[in-house]
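Inspection log for the structure reproduced underneath, given as structure tokens.
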Amino acid sequence: MERRFKINDIDVKARAGEHLLDVARRYGFEIPSLCHHEALPPIGACRICLVEVAWGGRRELCTSCNFEVIEGMQVTTDTPAVQHHRAMNLELLLARAPGSARLRELAAQYGVRRTRFGPPATSPLPNCILCELCVRACEQLGNHALTMVGRGDKKRIGLAFNSPSEQCTGCASCASVCPTECIPVKDTAAGRTIWGQTHPLVLCKVCGAPVMTERQRAKAIAKKGLPEEYYDFCESCKQSTASKRFASIVW
Ligand code: SF4
Ligand code: SF4
Ligand code: FES
């Protein structure tokens, strides 16, 4: 079913159940975000995507990434209240992640260049803003290796049960979605090291570039039933003569 409403006085349409941030971006409105990824369920953690929404006699500041559209509502993306609260939230996040270039740049756009708040008492993963994007990415892949552990000041992201995980394939998807780039990942001759585990890599038989980890390959073979040799080549070499046999197979 269709929903009609206004963003900054412009008429827009959306499907029932769509989230406001996705609709706003589709129409070209700029709303900043840190914990949002279009392929993952939103949880409204960073509160940077705040907008003002008026409907049924109410007017509220809402996180647009997890706000389902409402027929007839009026959305304003950049009021003084929105600016003020975004700046305050950025200042709070900056205390957690002073080393994040993306966060510092975004904060500077709101006039925030330093923070009055102190860093967390314990920080096993420096610059983590606890947005859980990494946890959601890992879940979406069906690996369920990561989780939020601890409470209050001691909250942190880590492998489930805080011990080596057979669920973790070393795919590094968590690191690639992390908005503050705070998850250390390193590829060496020994393999890919992430979350304290080193995963042997499958190297492209043509150019020697890492294709994926052996665990990822084993999981992909079990799931898709493709021959093991399919994973012997990186994406670009799959198109080459040496591997053209596999070029037509869609991942
Ligand atoms: S590297 Fe491990 S923890 Fe990170 S997304 Fe992949 S499976 Fe999950
Ligand atoms: S590690 Fe990155 S993605 Fe995961 S919660 Fe921390 S900031 Fe978010
Ligand atoms: S992007 Fe909406 S709360 Fe983080």
Side-chain angles (χ1 to χ4, degrees), residues 19-25 30-51 53 61-68 77 82 85-86 88-90 92-103 106 120 123-150 155-187 191-199 201 210 212-220:
H19 291 120
L20 179 50
L21 180 62
D22 296 325
V23 180
R25 286 187 171 166
E30 282 187 22
I31 298 173
S33 66
L34 287 169
C35 72
H36 174 262
H37 189 292
E38 53 284 356
L40 299 172
I43 61 167
C46 73
R47 299 192 62 77
I48 299 305
C49 64
L50 286 174
V51 294
V53 185
L61 285 176
C62 305
T63 48
S64 56
C65 64
N66 61 350
F67 188 91
E68 287 190 13
T77 61
V82 166
H85 284 88
R86 275 190 200 149
M88 177 59 77
N89 293 334
L90 283 162
L92 285 163
L93 293 175
L94 207 52
R96 282 203 160 271
S100 165
R102 178 176 167 191
L103 183 54
L106 186 55
S123 183
L125 189 55
N127 298 312
C128 173
I129 58 169
L130 299 175
C131 71
E132 295 185 47
L133 207 42
C134 52
V135 177
R136 285 176 276 153
C138 191
E139 276 174 9
Q140 193 81 357
L141 289 165
N143 294 334
H144 304 277
L146 279 182
T147 185
M148 180 82 85
V149 291
K155 247 179 160 183
R156 63 177 179 79
I157 298 293
L159 291 178
F161 308 112
N162 198 22
S163 54
S165 166
E166 291 198 2
Q167 303 289 102
C168 179
T169 62
C171 66
S173 301
C174 49
S176 70
V177 297
C178 175
T180 60
E181 298 181 332
C182 72
I183 302 175
V185 49
K186 192 169 183 191
D187 286 0
R192 174 173 299 153
T193 303
I194 186 167
W195 297 113
Q197 300 188 128
T198 299
H199 304 265
L201 287 163
M212 56 176 55
T213 67
E214 287 182 3
R215 267 195 196 170
Q216 266 182 290
R217 177 172 66 177
K219 193 172 171 196

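We count ligands from 1, going down the list as the structure has it; atoms in each ligand are counted the same way. This is a predicted model, so every value here is computed, not measured.
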- Message: When you compare the side chain of Cys182 with that of Arg96, does any pair of heavy atoms fall below 4.5 Å?
- Response: no

- Message: Can you name the atoms of ligand 3, numbered from 1 with element, that are less than 4.0 Å from a heavy atom of Arg47?
- Response: 3 (S), 4 (Fe)

- Distance in Å, Cys49 SG paired with Arg47 CZ, rounded so as to fall on 0.5 Å steps: 8.0 Å

- Task: Would you mind running through ligand 3 and noting each atom that sits below 4.0 Å from a heavy atom of Ala45?
- Result: 3 (S)

- Query: What atoms in ligand 2 come closer than 4.0 Å to a heavy atom of Ile183?
  - Reply: 1 (S)

- Message: Less than 4.5 Å apart, side chain to side chain, heavy atoms only: is that true for Gln216 and Arg192?
- Response: yes

- Considering the heavy atoms of His36, write down every atom of ligand 3 situated less than 4.0 Å from one of them. 1 (S)

- Message: Tell me the protein heavy atom at minimum distance from atom 1 (S) of ligand 3, and give that distance in Å.
- Response: Ser33 CB, 3.4 Å

- Gap separating the CD1 atom of Ile183 from the CG atom of Asn127, nearest 0.5 angstrom: 11.5 Å

- Message: Quick check on Glu181: does its CD atom have over 12 non-hydrogen neighbours (other residues, nucleotides or ligands) under 6.0 Å away?
- Response: no

- Using modelled atom types only, decide if a donor and an acceptor are shared between the side chain of Gln197 and the backbone of Ser165 within a distance under 3.5 Å. yes

- Task: Could you find the nearest protein heavy atom to atom 2 (Fe) of ligand 3 and give me its residue, atom name and distance?
- Result: Cys49 SG, 2.2 Å

- Query: Are any of the side-chain heavy atoms of Asp22 and Ser64 separated by less than 4.5 Å?
  - Reply: no

- Task: Output, by chain and residue number, all protein N/O/S atoms separated from atom 8 (Fe) of ligand 2 by less than 2.8 Å.
- Result: Cys131 SG

- Message: Within the 4.5 Å heavy-atom criterion, are Leu130 and Met148 side-chain neighbours or not?
- Response: yes

- Task: Sort by chain and number the protein N/O/S atoms found under 2.8 Å from atom 2 (Fe) of ligand 1.
- Result: Cys168 SG

- Find out whether Ile48 and Leu93 are in side-chain contact, i.e. whether some heavy atom of one side chain is under 4.5 Å from a heavy atom of the other. yes

- Taking the side chain as every heavy atom from C-beta outward, state whether Leu159 and Leu146 have any pair of such atoms under 4.5 Å apart. yes

- Determine whether the side chain, the backbone, both or neither of Val135 has a heavy atom under 4.0 Å from any heavy atom of ligand 2. neither

- Measure from the side-chain N and O atoms of Arg86 to the backbone N and O of Val82, and report whether any donor-acceptor pair falls under 3.5 Å. no

- Message: Please list, in number order, the atoms of ligand 2 under 4.0 Å from a heavy atom of Leu125.
- Response: 1 (S)

- Item | Atoms in ligand 3 with a heavy atom of Cys35 nearer than 4.0 Å | 1 (S), 3 (S), 4 (Fe)

- Note: ligand 3 atoms sitting under 4.0 Å from heavy atoms of Cys46 are 1 (S), 3 (S), 4 (Fe)

- Query: With respect to Val51, which candidate in Leu61, Leu20, Thr63 satisfies the side-chain contact (heavy atoms from CB on, under 4.5 Å) definition?
  - Reply: Leu20

- Query: Roughly how far, to the nearest 0.5 Å, is the CD1 atom of Ile43 from the CG atom of Asn66?
  - Reply: 9.0 Å

- Message: Using only atom types and a distance under 3.5 Å, with no angle test, would you say the side chain of Thr180 pairs donor to acceptor with the backbone of Ser100?
- Response: no

